[in-house]
Student: 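Encoded as structure tokens, here's the structure I'll be asking about.
Note on naming: letters A, B, ... go to the chains in the order of the sequence lines (proteins, then strands), and numbering restarts at 1 for each one.
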2 protein chains.
Amino acid sequence: MASDHLSTVLNALADPTRRGMLARLANGEATVTELAEPYDMSMAAISKHLKVLERAGLIEQGREAQYRPRKLNPEPLKEVDQWLEDYRQMWEARFDRLDHYLRHLQGKSDG
Amino acid sequence: MASDHLSTVLNALADPTRRGMLARLANGEATVTELAEPYDMSMAAISKHLKVLERAGLIEQGREAQYRPRKLNPEPLKEVDQWLEDYRQMWEARFDRLDHYLRHLQGKSDG
DNA sequence: TTTTTATTCAACCAAATGGTTATTAACTTA
DNA sequence: TAAGTTAATAACCATTTGGTTGAATAAAAA
């Protein structure tokens, strides 16, 4: 995998298990065992997936007793969103025009 | 790499060479040789990168004389954007609050 | 027709990926 | 202290990735 940060983030996201883990963490912190629960996979494999997410900065690790609860850090997702920005107009062109038209109408008739 | 579509797309994007190619194609169609120009890499390697982008549906291939011009298809990027949607509020929360506050002010003092 | 240009394909290789099992470490509980 | 739980690490393996070179294909140009 390429070593630049954005590539590391996108690569981390390019796996349904890891995206599933992020989805779970969007609802709040979770332990490794909790994160592993939906998957038919060894804890070692889960641990590796978590390491990939961590290297990408997408999750952070805490420590409570024998647990290492993970929490989501959305910052790298923001970077992905910003990268998309340059292309967004390409699929939103039609909507943009409508949006501007609506703003134009509002400027005329509404306060 | 995982076989689901979104994973295929994100994986295709997780490489600076391939993102560079997309950036070039955002300015319009380009031949393989044109796309290869910035990279110190064999044509065969370029061809493989293009195949990855094509499998992800990010580019389409034309045919003109001996050239196979590629063009960008932004549709899969839209899918990435839609996946991000669920997380967007997490990094935009503060801005949202500010935005709502400004709208509130505007509703009061401005037309 | 021969040669050149543009591109792909085939075979190969080293390194990375994604899984496994077995072991180790840290902490809790009996 | 001993046993159980949680999680990471080490060693291993098969497959994939991302590059190479060399040959093949297709069209254009000479």
Student: Report each atom pair, protein N/O against N/O of nucleotides 25-30 of chain D, whose distance is under 3.5 angstrom.
Tutor:
| residue | atom | partner | partner atom | Å |
| --- | --- | --- | --- | --- |
| D:dA26 | O3' | B:Arg63 | NH2 | 3.3 |

Student: Give the intermediate values and the outcome of side chain to side chain contact (heavy atoms under 4.5 Å, CB included) for residues A:Ile46 and A:Met21.
Tutor: CA-CA 10 Å; A:Ile46 295 291; A:Met21 289 169 158; 3.6 Å; yes
Student: Between A:Met43 and B:Val32, which residue's closest nucleotide on DNA chain C lies nearer the 5′ terminus?
Tutor: B:Val32
Student: Not counting sequence neighbours, which residues clear side-chain contact (heavy atoms from CB on, under 4.5 Å) with B:Asp81? List them please.
Tutor: A:Asp81, A:Leu84, A:Arg88, A:Trp91, B:Arg88
Student: So, using salt bridge (charged side-chain N to carboxylate O under 4.0 Å, His left out) as the criterion, who are the partners of B:Asp86 when residues are at least two apart?
Tutor: none
Student: Kindly write out the residues that satisfy side-chain contact (heavy atoms from CB on, under 4.5 Å) with A:Ala30, not counting sequence neighbours, or none if the list is empty.
Tutor: A:Arg24, A:Leu25, A:Glu34, A:Leu35
Student: Tell me, do B:Leu50 and B:Gln61 make a side-chain contact under 4.5 Å, heavy atoms counted?
Tutor: no
Student: Quick test of your reading: applying ring pair (Phe, Tyr, Trp, His ring centres under 6.0 Å), list the pairs with at least one residue in residues 28-83 of chain A, sequence neighbours left out, ordered by first then second residue.
Tutor: A:Trp83-A:Tyr87
Student: Same hydrophobic cluster for B:Val9 and B:Val52, using side-chain heavy-atom links shorter than 4.5 Å among ILVMFWY?
Tutor: no
Student: Heavy atoms, side chains only, cut-off 4.5 Å: are B:Asp4 and A:Arg19 in contact?
Tutor: yes
Student: Whole-Å distance between D:dA7 C1' and A:Tyr39 OH?
Tutor: 18 Å
Student: Return the polar atom pairs (N/O with N/O) between nucleotides 16-18 of chain D and the protein under 3.5 Å, or none.
Tutor:
| residue | atom | partner | partner atom | Å |
| --- | --- | --- | --- | --- |
| D:dG18 | OP2 | B:Arg18 | NH1 | 3.4 |

Student: Mind checking side-chain contact (heavy atoms from CB on, under 4.5 Å) for B:Ser47 and listing every partner two or more places apart, or none if nothing turns up?
Tutor: none
Student: Between D:dT9, D:dT6, D:dT21, which one does the side chain of A:Tyr67 approach most closely?
Tutor: D:dT6
Student: State, to the nearest 10°, the angle formed by the axis through the first five base pairs of the helix from C:dT1-D:dA30 to C:dA30-D:dT1 and the axis through its last five.
Tutor: 10°
Student: Please find the pair of heavy atoms, one from A:Ala26 and one from A:Leu72, that lie closest to each other, and give the distance.
Tutor: CA-CD2, 4.0 Å
Student: Listed by chain and number, what are the salt bridge (charged side-chain N to carboxylate O under 4.0 Å, His left out) partners of B:Arg18, not counting sequence neighbours?
Tutor: none
Student: Mind listing the side-chain donor-acceptor pairs of residues 53-60 of chain A below 3.5 Å, one per line with the distance, residues two or more places apart or on another chain?
Tutor:
none

Student: Could you tell me which residues satisfy side-chain contact (heavy atoms from CB on, under 4.5 Å) with A:Ala44, sequence neighbours excluded, listed by chain and number?
Tutor: A:Ser42
Student: Which nucleotide span of DNA chain C, 5' end to 3' end, has atoms closer than 4.0 Å to non-hydrogen atoms of chain A?
Tutor: C:dA16 to C:dT28
